[in-house]
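A short write-up of the structure that comes next.
Small disclaimer: the values here were computed from a predicted structure and weren't measured. All values below were derived from every heavy atom in this structure, side-chain atoms included, with hydrogens, water molecules and symmetry-related copies excluded.
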Amino acid sequence: MANYLEIKQQLQACRSKEETFKALVTLSKTLSRLSAEEKTEQHKVKGCESAVWLIIEEIDGIRHFHADSDAKLMRGVLVAILSLVEGKTSDDIQSMDLKTELTELNLSSYLTSSRTNGVLGILDKIQA
């Protein structure tokens, strides 16, 4: 999983919508794809414009995340989100202000209102 600070620097360095798009598509290639068996209704995130699946495992108190989407752009956004929470405890994740962290990633030009609802759904599921 990519390092959150590296991703943050990479996205903040983008000077145009096109650069940000290319950076997100590049990030999307680093996300392991889920199998067809894992893409169940139970794992599907409600409210997303594109299909998004999120699997959360807890091993010895540490949370691990697996996610996928049918949209490249959303997979890039997922890499950024998951890099922030991967390998942390539930308490650590609960105490984070994920929405504020995400606003620092320069994604607002990509997060249309329906995509924003999807991202908020992902954050809710992560912090549940």
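Separation of atoms NZ (Lys72) and CG (Leu27) is listed at 13.5 Å; rounding is to 0.5 Å. The CD atom of Glu18 sits 7.5 Å away from atom NZ of Lys22, with the distance rounded to the nearest 0.5 Å. In this structure, CE in Met74 is found 11.5 Å from CG in Asp68, a value given to the nearest 0.5 Å.
In plain terms, the two heavy atoms of Thr20 and Cys14 that are nearest each other are OG1-CB, 3.3 Å. Taking each heavy atom of Leu78 and Ser69 in turn, the nearest pair found is CD1-CB, 4.1 Å. Of all heavy-atom pairs spanning Leu34 and Glu38, the tightest one is CA-OE1, 3.4 Å. Considering every non-hydrogen atom in both Gly121 and Val45, the closest pair reads C-CG1, 3.7 Å. Nearest heavy-atom pair across Lys125 and Ile56 is O-CD1, 3.5 Å. Ala23 and Gln10 make their closest contact through CB-NE2, 4.1 Å (heavy atoms, listed as atom of the first residue, atom of the second, distance).
Side-chain atoms of Glu58 and His64 form no donor-acceptor pair, as typed in the model, at a separation below 3.5 Å.
Under the salt bridge (charged side-chain N to carboxylate O under 4.0 Å, His left out) criterion, Glu104 pairs with Lys8, sequence neighbours left out.
Side-chain contact check for Leu24 versus Leu11: some heavy-atom pair is nearer than 4.5 Å. The closest side-chain heavy-atom distance from Leu123 to Leu102 is below 4.5 Å. Side-chain contact between Tyr4 and Leu105 is present, with at least one heavy-atom pair separated by less than 4.5 Å. Between Arg75 and Arg33 the shortest side-chain heavy-atom distance falls below 4.5 Å. Leu54 is listed as a side-chain neighbour of Leu82, based on a closest heavy-atom distance under 4.5 Å. At a threshold of 4.5 Å between non-hydrogen side-chain atoms, the residues Phe65 and Ile122 do not count as touching.
A donor-acceptor distance shorter than 3.5 angstrom exists from the side chain of Arg63 to the backbone of Ile126, with no hydrogens or angles considered. The closest donor-acceptor contact from the side chain of Glu57 to the backbone of His66 lies at 3.5 Å or more, if one exists at all.
Hydrophobic cluster membership for Ile59: none, as no Ile, Leu, Val, Met, Phe, Trp or Tyr side chain comes under 4.5 Å of it. Apart from Ile62 itself, the hydrophobic cluster it occupies contains nothing, where clustering links Ile, Leu, Val, Met, Phe, Trp and Tyr at side-chain heavy-atom distances under 4.5 Å.
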Are Ile81 and Val119 close enough, and set up right, to give a side chain to side chain contact (heavy atoms under 4.5 Å, CB included), and what steps lead you there?
CA-CA 9 Å; Ile81 292 171; Val119 169; 4.0 Å; yes
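In this structure, Ile55 is not a member of the same hydrophobic cluster as Ile93, with clusters built from ILVMFWY side-chain heavy atoms closer than 4.5 Å.
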